Amino acid sequence: MAETQSRGFVFSGKKRAAGADDFDGDDLFMSKKSMLPTLAPAWENDPAAALASARHEFGEHGGVNMSIEASATFTVMEPETMRRMFAGELGPDRDFFIYSRHFNPTVLNLGRQMAALEGTEAAYCTASGMSAISSVLLQLCSSGGHVVASRALYGGTHALLTHFLPRACGITATFVDVCDHEAVRNAIIEGKTKVLYFESMSNPTLTVANIPELSRIAHEKGTTVVVDNTFAPMVLSPARLGADVVVHSISKFISGGADVIAGAVCGPASLVNSMMDLHQGALMLLGPTMNAKVAFELSERIPHLGLRMKEHCRRASAYATRMKKLGLKVIYPGLEDHPQHELLKSMANKEYGFGGLLCLDMESEERANRLMHHLQNYTQFGFMAVSLGYYETLMSCSGSSTSSELNAEEKTLAGISPGLVRMSIGYIGTLEQRWSQLEKALSRMQESTLFSKN
């Protein structure tokens with residue numbers, strides 16, 4: 001029998017012997033109708049420690065890396081076994097798999113890592129961040145349901161809540177300033193509001209949500225708290241702070257290579273299992289399936305996520321501090337004058353800093369575009385591109401790109417100025433080399449401004 005070692009403990013890998021459709025021995029995390037193996041609660045509060053203590057999946061022939069299960073479908077030895085699988089009596093917790101749109105062993109292992117990272121009972125991964133978000137909302141809300149959401153959200157999420165869900169599903173949303181806790185409390189309609197949805201750090205304004213207090217307010221009214229933690233993996237652990245569900249675009253910091261589109265849902269096993277229900281499951285029926293080969297790639301990157309995040313954050317903090325000394329209007333939660341600086345310090349996991357993104361407010365789109373032009377095409381400081389978490393610095397003018405789904409009034413309410421430049425700070429090259437490139441771009445911009453005036 002294959003074995004899986006976990007820091008001093010050896011658990012059954014639950015590999016069925018050839019020709020065996022029955023399972024003997026102790027069942028780790030087994031229960032009838034429980035399709036998903038749940039993660040034993042990690043005692044560690046540090047996500048890196050939790051990841052190190054999580055189950056390690058070895059390869060089929062003893063390789064240190066897990067094998068890739070690329071099969072779309074799975075065989076059984078006895079006809080009765082298939083009936084029992086479809087009835088929910090046998091499932092992945094006992095190494096029985098039906099079809100990879102349901103559960104796949106390789107994707108399931110990545111889910112275990114994500115659950116350890118976020119400190120949740122279970123997790124499963126999807127084909128994109130938006131598919132994770134939409135699937136969770138559709139699972140938690142029925143037609144006529146109501147969501148209270150932060151008015152400062154990623155543009156795609158805002159469009160989903162503003163346009164798509166009301167039109168297609170009859171699910172409505174009220175947008176509020178999540179820093180105004182009384183407004184949040186008043187917006188939640190007890191018995192109707194199913195979800196309070198916000199980002200741990202808002203895209204792009206970097207407003208930090210008070211996760212413990214918002215969770216308390218929502219739970220008082222029986223509302224589920226869903227937090228998008230894409231901007232702050234390792235830095236913040238929303239589930240450990242009171243949130244019920246954590247969603248991710250794994251495409252960003254967790255992937256780190258700007259080469260994968262993927263998402264994750266982290267939360268109670270009951271929720272994740274319900275999302276794979278054959279009759280009512282949003283993941284099962286809508287089918288945003290992650291490819292097993294993608295899951296393998298991502299599972300190899302998560303172990304060094306902590307190291308990458310520390311360097312992203314260290315450089316973002318250094319640049320923000322120096323930019324402020326130059327008189328630039330910089331937004332970064334690590335600066336003491338940031339409105340939620342002390343709040344973030346009180347919630348953040350130690351040693352991971354204050355996030356790998358910063359914003360520069362250039363006041364107008366024209367000035368923002370000129371700055372990015374100089375940074376990319378004159379000094380090679382970074383790339384004009386959306387997304388984040390790459391080893392190179394990525395820059396975009398949020399109002400005309402990733403937040404373009406918001407209208408002018410919505411952008412104003414969210415605090416998105418026309419000249420807001422979002423920077424995802426990379427770590428390639430030396431810090432001083434990159435800072436020199438940024439300074440040269442600023443000098444060239446000042447020179448071109450003086451020249452145009454003359």
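Please read these numbers as outputs of a predicted model, since none were measured by experiment.
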Should we count CD of Glu60 as having more than 12 external heavy atoms under 6.0 Å?
-> no
Taking atom CD of Glu409 as the centre, does the number of heavy atoms from other residues, nucleotides or ligands within less than 6.0 Å exceed 12?
-> no
Short question: side chain of Ser346, backbone of Leu343 - any donor-acceptor pair under 3.5 Å?
-> yes
Residues Glu410, Arg151: salt bridge by 4.0 Å N-O rule | no
Are the side chains of Ile171 and Leu137 in touch, meaning some heavy atoms are under 4.5 Å apart?
-> no
So do Ile331 and Thr205 actually touch side chain to side chain, heavy atoms under 4.5 Å?
-> no
If we ignore angles and hydrogens, is there a donor and acceptor under 3.5 Å between the side chains of Tyr124 and Asn104?
-> no
Could you tell me whether a side-chain N or O of Thr126 sits under 3.5 Å from a main-chain N or O of Ser128, the two making a donor and an acceptor?
-> yes
NZ of Lys194 to CD1 of Ile188: how many Å apart, nearest 0.5 Å?
-> 12.5 Å
From Ser387 OG over to Ile261 CD1, what is the distance, rounded to the nearest 0.5 angstrom?
-> 7.0 Å
Any chance you could lay out the side chain to side chain contact (heavy atoms under 4.5 Å, CB included) test for Met347 and Ser200, step after step, and finish with the verdict?
-> CA-CA 11 Å; Met347 297 191 300; Ser200 56; over 6 Å; no
Pairing of Arg94 and Glu89 as salt bridge, 4.0 angstrom limit | no
Indicate yes or no: at least one non-hydrogen side-chain atom of Val176 is less than 4.5 angstrom from one of Phe198.
-> no
Are side-chain heavy atoms of Val227 and Leu214 found at a separation under 4.5 Å?
-> no
Test item: Asp46 and Lys350 side chains (from C-beta on) under 4.5 Å apart, heavy atoms | no
Distance, nearest 0.5 Å, that separates CD1 of Ile133 from OG1 of Thr230 | 6.5 Å
Could you walk me through whether Tyr154 and Asp228 pass side chain to side chain contact (heavy atoms under 4.5 Å, CB included), step by step?
-> CA-CA 10 Å; Tyr154 165 59; Asp228 184 337; 5.6 Å; no
OH-CG distance between Tyr197 and Leu140, expressed to the nearest 0.5 angstrom = 11.5 Å
Can you tell me how far the OG1 atom of Thr157 sits from the CG atom of Asn203, to the nearest 0.5 Å?
-> 8.5 Å
Measure the shortest side-chain to side-chain distance between Glu199 and Leu153 over non-hydrogen atoms and say whether it is less than 4.5 angstrom.
-> yes
Taking the side chain as every heavy atom from C-beta outward, state whether Thr106 and Lys293 have any pair of such atoms under 4.5 Å apart.
-> no
Under 4.5 Å between any side-chain heavy atoms of Leu110 and Val294, yes or no?
-> no
Pair His146, Thr193: side-chain N/O donor-acceptor within cut-off below 3.5 Å = yes
When the aromatic ring centroids of His248 and Phe253 are compared, is their separation below 6.0 Å?
-> no
Does the pair Ser135 and Val265 meet the rule for a side chain to side chain contact (heavy atoms under 4.5 Å, CB included), with working shown?
-> CA-CA 9 Å; Ser135 295; Val265 177; 5.6 Å; no
With no hydrogens and no angle check, do the side chains of Arg308 and His312 hold a donor and an acceptor under 3.5 Å apart?
-> no
Identified side chain to side chain contact (heavy atoms under 4.5 Å, CB included) counterpart of Glu121 within the set Ser270, Cys266, Pro268 | Pro268
Could you pull out all residues at least two apart from His219 that satisfy ring-ring contact (aromatic ring centres under 6.0 Å, His included)?
-> none
Distance col, row Leu285:CG vs Gln139:CD, nearest 0.5 angstrom, shows 8.5 Å
Say whether, by atom type as modelled, one donor and one acceptor occur between the side chain of His102 and the main chain of Phe97 under 3.5 angstrom.
-> no
Partner of Val136 under side chain to side chain contact (heavy atoms under 4.5 Å, CB included), chosen from Thr224, Leu283, Val226 = Val226
Going through the distances and angles, do Leu305 and Leu117 end up as a side chain to side chain contact (heavy atoms under 4.5 Å, CB included)?
-> CA-CA 10 Å; Leu305 173 63; Leu117 172 67; 4.1 Å; yes
For His158, what residues pass the ring-ring contact (aromatic ring centres under 6.0 Å, His included) criterion, not counting sequence neighbours?
-> Phe175
Under 3.5 Å: donor-acceptor pair, side chain of Arg315, backbone of Tyr427 | yes
May I ask you to decide if the ring planes of Tyr390 and Phe383 are parallel, tilted or perpendicular, using 30° and 60° as cut-offs?
-> tilted
Does atom CD of Glu300 have more than 12 heavy-atom neighbours from other groups under 6.0 Å away?
-> yes
Is Glu297 paired with Arg301 through a side-chain N to carboxylate O contact shorter than 4.0 Å?
-> yes
